[in-house]
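Worksheet: one structure, shown below.
Quick note: residue numbers are just sequence positions, from 1.
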Amino acid sequence: MKKSMIYFCLLSAIFFIALKPHGGDKNSGQAPIGRTGAPGEGSCASCHSGGSYSGQVVFQLGEQGVSAYVPGETYLITYTGDYNAPRYGFSVTVLDADNQPAGDFALINTDNTSFANPANGRQYVGHRNASANNEWIFEWTAPDDDIGPVTFYHAINAANGDNGTGGDFAETGSVTFPASEDEDDLFVLTLESDPLTGGTLSGEGEYEEGATVEVSAIANEGY
């Protein structure tokens, strides 16, 4: 009899836990991974829906905003969701044309942004401690080599803050940046002495259009 009572209590406890309702506040502490709408991923809209908020996302690469990345350069990313909602959440990942991770993220403010790097190798930056804050700033370092265009996939959740999944508005988007072609605009300066044994020249190299270049010629003995 005693044994049966223990078994019944355990079963009741398990049943109670199973019936515990899902809270919309589940991911307010840190953004879930794999919800950016990138190839092979779902989105926040799979849970959050029913809201009537409308607005836009502003994604800016670089402090002044750039349209292409330079390999190896580090950029500030400003991500803003303007939906007039009381609470916001977001998530971003970046992939190349083959859907492979591209570059590296780094956090600036760990109070409101989070970082994750799961087993699939993709990196994610998202919200931490979701609140009325609707702007996040973090860093991205481009790949060392020109790998072609890279695409930032992002998801925003404009939530009503009632700790449920209803009455929220979630959507995904993407923005693509090609590699900069600035390197193709360099001019090659080649110097040559006549005769070749006449002296030493300096100043050769690659220069941008309009650059002022100092060259020098030091004659060998007898020239």
| request: Please work out whether the ring planes of Trp140 and Tyr69 are parallel, tilted or perpendicular, with thresholds of 30° and 60°. | output: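 It falls in the perpendicular class, over 60°.
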
| query | Do the rings of Tyr88 and Trp136 sit parallel, tilted or perpendicular, given the 30° and 60° boundaries? | reply |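 Perpendicular: the ring planes of Tyr88 and Trp136 meet at over 60°.
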
| query | What do you reckon, are the aromatic ring centroids of His154 and Tyr79 less than 6.0 Å apart? | reply |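 Yes; Tyr79 has its ring centre under 6.0 Å from that of His154.
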
| message | Before we go on, tell me: are the rings of Phe105 and Phe115 under 6.0 Å apart, centre to centre? | response |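 When the ring centroids of Phe105 and Phe115 are compared, they turn out to be at least 6.0 Å apart.
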
What's the separation between atom [atom1] in [X] and atom [atom2] in [Y], rounded to the nearest 0.5 Å?
| X | Y | atom1 | atom2 | value |
| --- | --- | --- | --- | --- |
| Asp82 | Gln56 | CG | CD | 6.0 Å |
| Cys47 | Asn157 | SG | CG | 9.5 Å |
| Glu139 | Thr74 | CD | OG1 | 6.0 Å |
| Asp144 | Ile147 | CG | CD1 | 10.0 Å |
| Leu107 | Ser114 | CG | OG | 7.0 Å |
| Ser43 | His48 | OG | NE2 | 10.0 Å |

| field | Test side chain to side chain donor-acceptor pair (under 3.5 Å) applied to Thr176 and Thr151, step by step | value | CA-CA 4 Å; Thr176 300; Thr151 301; 2.8 Å; yes

| Are Asn163 and Arg87 close enough, and set up right, to give a side chain to side chain contact (heavy atoms under 4.5 Å, CB included), and what steps lead you there? | CA-CA 10 Å; Asn163 294 333; Arg87 181 183 284 183; 3.5 Å; yes

| said: Could you work out, with salt bridge (Lys or Arg N to Asp or Glu O under 4.0 Å) as the rule, every residue matching Arg122, not counting sequence neighbours? | reply: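 Partners of Arg122 under the salt bridge (Lys or Arg N to Asp or Glu O under 4.0 Å) test: Glu41.
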
| task | Using the side chain to side chain donor-acceptor pair (under 3.5 Å) rule, take Ser91 and Thr36 through it: C-alpha gap first, then chi angles, then the decisive distance, then the call. | result | CA-CA 6 Å; Ser91 184; Thr36 65; 5.8 Å; no

Are [Y] and [X] linked, directly or through intermediate hydrophobic residues, by side-chain heavy-atom contacts shorter than 4.5 Å (ILVMFWY only)?
| X | Y | answer |
| --- | --- | --- |
| Leu95 | Ile77 | no |
| Val213 | Leu191 | yes |
| Phe177 | Val57 | yes |
| Val94 | Val58 | no |
| Val175 | Val150 | yes |

Nearest heavy-atom pair of [X] and [Y]: which atoms, and what distance?
| X | Y | result |
| --- | --- | --- |
| Leu189 | Gly203 | CD2-O, 3.5 Å |
| Asn99 | Pro39 | OD1-CG, 3.4 Å |
| Gly126 | Ala31 | CA-CB, 3.8 Å |
| Ala142 | Pro71 | CB-CA, 4.3 Å |
| Asn112 | Glu135 | ND2-O, 4.2 Å |
| Ala85 | Ala158 | CB-CB, 3.7 Å |

| task | Could you walk me through whether Asn117 and Gln123 pass side chain to side chain contact (heavy atoms under 4.5 Å, CB included), step by step? | result | CA-CA 5 Å; Asn117 187 195; Gln123 295 184 1; 3.9 Å; yes

Is it true that a side-chain atom of [X] and a backbone atom of [Y] form a donor plus acceptor pair closer than 3.5 Å?
| X | Y | answer |
| --- | --- | --- |
| Thr113 | Asn109 | yes |
| Asn160 | Asp162 | yes |
| Asn134 | Gly81 | yes |

| Could you go step by step and tell me if Leu76 and Ile108 meet the side chain to side chain contact (heavy atoms under 4.5 Å, CB included) rule? | CA-CA 9 Å; Leu76 279 181; Ile108 293 176; 3.2 Å; yes

| When you check the side-chain N and O atoms of Gln60 and Tyr75, is any donor under 3.5 Å from an acceptor? |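 Note: Gln60 and Tyr75 side chains miss the donor-acceptor criterion.
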
| query | Can you list the steps and then say if Cys44 with Arg35 is a side chain to side chain contact (heavy atoms under 4.5 Å, CB included)? | reply | CA-CA 6 Å; Cys44 299; Arg35 293 291 184 270; 4.3 Å; yes

| message | Would Tyr124 and Gln30 count as a side chain to side chain donor-acceptor pair (under 3.5 Å) here? Give the steps. | response | CA-CA 11 Å; Tyr124 297 86; Gln30 180 167 335; over 6 Å; no

